[in-house]
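First up is the structure itself, then whatever we jot down about it.
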Amino acid sequence: MRVDESGARRVGRIVETEAYLGPEDKASHARSGRTPRNAAMFGEPGHAYVYRVYGMYTCLNVVCGRPGSASAVLIRAALPIEGEDAMRAARIRHDLGSRRATRHADADPAARARIATRVGRLPVTGLASGPGLVGAAFSVSPDLDGIDLCSAEAPLRLEAPLGDVPGTIVATPRIGIAYAGEPWSSLPLRFYLAGERAVSGPGTPSTSRSRAVSD
DNA sequence: AGTTGGATGGTCT
DNA sequence: GACCATCCAACTG
């Protein structure tokens with residue numbers, strides 16, 4: 001859940017995660033030991049590890065395990081529960097911001113309209129259906145790195161489950177870590193809710209109509 | 001429906 | 001200088 005200065009809330013249910021086990025996990029950012037970037041991973045459980053990828057996306061992890069174990073869970077997708085419009089606005093801000101970095105695009109109204117149209121057409125299940133999209137929809141910024149996600153006053157925080165865990169949890173290999181080699185690239189450390197359309201990945205793209213499994 | 005390449009910049013070798 | 005815990009537009013069938 002994200003609470004901004006005006007008090008507006010953006011709430012989502014986490015529907016997809018990945019586990020990163022620690023320094024021995026060749027897919028983990030902790031694989032080369034402690035660095036300035038991954039320092040939060042080596043800290044207190046329940047705190048945030050926020051990092052940037054590909055120059056333009058921020059991803060959110062929840063630190064797990066004992067302090068120093070450097071294990072964490074990447075939040076890969078969420079289903080918006082409250083504040084859907086604020087998430088759309090944040091998505092537009094993010095996309096416009098990354099475009100602004102490209103030269104000669106300052107206040108290009110056509111570009112803004114194009115982005116707003118695309119984001120406006122997204123189904124609610126597509127607003128945070130990927131790690132970079134979670135970061136954009138919830139305005140996860142590098143200054144949130146290391147904050148206590150279990151504090152009731154944190155601007156970004158975890159809340160108690162919104163009821164019973166619905167349906168079945170499926171485990172698959174993690175995404176985008178083929179470089180890590182075996183066994184890390186094959187371990188079933190990605191978890192998602194079966195049938196949840198907000199889940200990212202080839203099997204359940206939120207933008208395409210994946211046919212419901214009959215019966 | 002599936003594949004490919006571009007954007008983009010910090011981090012590590 | 002290469003590599004990314006990514007996403008999207010623009011292709012190909």
Side-chain angles (χ1 to χ4, degrees), chain A residues 14 16-42 48-64 70-78 87-88 90-105 108 110-123 125-138 140-143 145 171-181 184-192 198-211:
Chain A
I14 297 167
E16 179 186 0
T17 63
E18 277 176 359
Y20 290 85
L21 303 184
E24 74 280 6
D25 183 349
K26 291 292 189 285
S28 171
H29 288 169
R31 64 185 176 275
S32 297
R34 180 175 182 146
T35 68
R37 173 166 84 139
N38 66 19
M41 274 185 111
F42 288 80
Y49 165 46
V50 175
Y51 66 92
R52 271 194 192 285
V53 272
Y54 303 108
M56 48 173 99
Y57 296 101
T58 55
C59 295
L60 172 66
N61 293 254
V62 182
V63 177
C64 298
S71 53
V73 168
L74 169 69
I75 309 301
R76 284 195 58 91
M87 294 184 197
R88 291 188 193 276
R91 285 283 308 272
I92 293 169
R93 276 199 307 275
H94 175 271
D95 288 9
L96 206 55
S98 44
R99 184 191 173 80
R100 183 184 311 148
T102 73
R103 55 181 186 276
H104 75 278
D108 180 355
R112 198 208 149 76
R114 201 166 41 79
I115 293 171
T117 299
R118 176 175 54 79
V119 173
R121 276 204 249 265
L122 286 175
T125 52
L127 291 180
S129 58
L133 302 181
V134 169
F138 287 86
V140 178
S141 52
D143 59 284
D145 186 43
T172 76
R174 294 171 291 184
I175 294 190
I177 51 121
Y179 65 86
W184 311 107
S185 57
S186 296
L187 291 177
L189 292 176
R190 169 177 173 248
F191 306 94
Y192 64 88
V199 170
S200 72
T204 51
S206 58
T207 49
S208 76
R209 299 178 302 137
S210 64
R211 194 168 63 97

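Side-chain atoms are counted along with the backbone in the values below, which use heavy atoms only and exclude waters and symmetry mates. First the proteins, then the strands, lettered A, B, ... as listed; each starts at 1. This one's a predicted model, so the numbers in the text were calculated from it and none came from an experiment.
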ask   = In whole Å, what is the span from the CG atom of A:Asn61 to the C1' atom of C:dT6?
value = 14 Å
key: Straight-line distance of A:Ser32 OG to A:Arg37 CZ, nearest 0.5 Å   = 9.5 Å
note = By nearest-nucleotide position on DNA chain C, the 5'-leaning member of A:Leu74 and A:Arg91 is A:Leu74
ask   = Just to confirm, is there a sub-4.0 Å distance from OP1 or OP2 of C:dT6 to any side-chain nitrogen or oxygen of A:Arg76?
value = yes
task = Look at the side chain of A:Arg76 and the backbone N and O of A:Tyr192, then say whether any donor-acceptor pair between them is shorter than 3.5 Å.
result = no
task = Provide the Watson-Crick or G-U wobble partner of C:dA5, both distances under 3.5 Å; none if there is no partner.
result = none
message = For a quick check of understanding: with a heavy-atom distance under 4.0 Å over all strands, which category does A:Gly55 fall into, base, sugar-phosphate or nothing?
response = base
query = Given B:dC12, is OP1 or OP2 found less than 4.0 Å from the side-chain N or O atoms of A:Arg31?
reply = no
query = Would A:Tyr54 count as stacked on C:dT6 if the rule is ring centres under 5.5 Å and plane angle under 30°?
reply = yes
Under 5.5 Å and under 30°: A:Tyr20 stacked on C:dA5 = yes
request  = Ignoring backbone atoms, establish whether A:Thr35 has a side-chain N or O less than 4.0 Å from OP1 or OP2 of B:dC12.
outcome  = yes
Nearest-Å distance for atom pair CD1/C1', residues A:Ile177 and C:dC4 = 13 Å
Any donor-acceptor N/O pair, A:Arg121 side chain to A:Arg118 backbone, under 3.5 Å = no
query = Tell me: CG of A:Leu127 to C1' of C:dC7, nearest whole Å?
reply = 15 Å
request  = Output the single nucleotide from B:dT11, B:dT13, C:dC8 whose closest atom is nearest the side chain of A:Arg37.
outcome  = B:dT11
inquiry  = If I take atom OH in residue A:Tyr49 and atom P in nucleotide C:dA5, what distance separates them, rounded to the nearest angstrom?
reply    = 9 Å
request  = Look at the side chain of A:Met56 and decide which nucleotide, out of C:dC7, C:dA5, B:dA7, has an atom nearest to it.
outcome  = B:dA7
ask   = B:dG9 phosphate, OP1 or OP2: any side-chain N/O from A:Arg52 under 4.0 angstrom?
value = no
message = Strictly below 4.0 Å: does A:Tyr57 bring a side-chain N or O up to OP1 or OP2 of B:dA7?
response = no
request  = Please state how far atom CD1 in A:Ile175 lies from atom P in C:dC4, giving the value in whole angstrom units.
outcome  = 16 Å
Nearest-angstrom distance from the residue atom CG of A:Asp95 to P of B:dG6 = 20 Å
inquiry  = Could you check whether any side-chain N or O of A:Asn61 sits under 3.5 Å from a backbone N or O of A:Ala72, counting only pairs where one atom can act as donor and the other as acceptor?
reply    = no
query = What is the distance, rounded to the nearest whole Å, between atom CG of A:Leu133 and atom P of C:dA5?
reply = 17 Å
ask   = When rounded to the nearest 0.5 angstrom, what distance separates NE2 in A:His29 from CG in A:Asn38?
value = 8.5 Å
message = From C-beta outward on A:Met41, which listed nucleotide comes closest to its side chain: C:dA5, C:dA9, C:dT6?
response = C:dA5
Heavy-atom side-chain proximity of A:Thr58 to A:Arg52 below 4.5 angstrom = yes
ask   = Of the nucleotides C:dC4, C:dC8, B:dT13, which has the atom closest to the A:Ser32 side chain?
value = B:dT13
inquiry  = Output the rounded distance in Å from CZ (A:Arg114) to P (B:dA7).
reply    = 13 Å
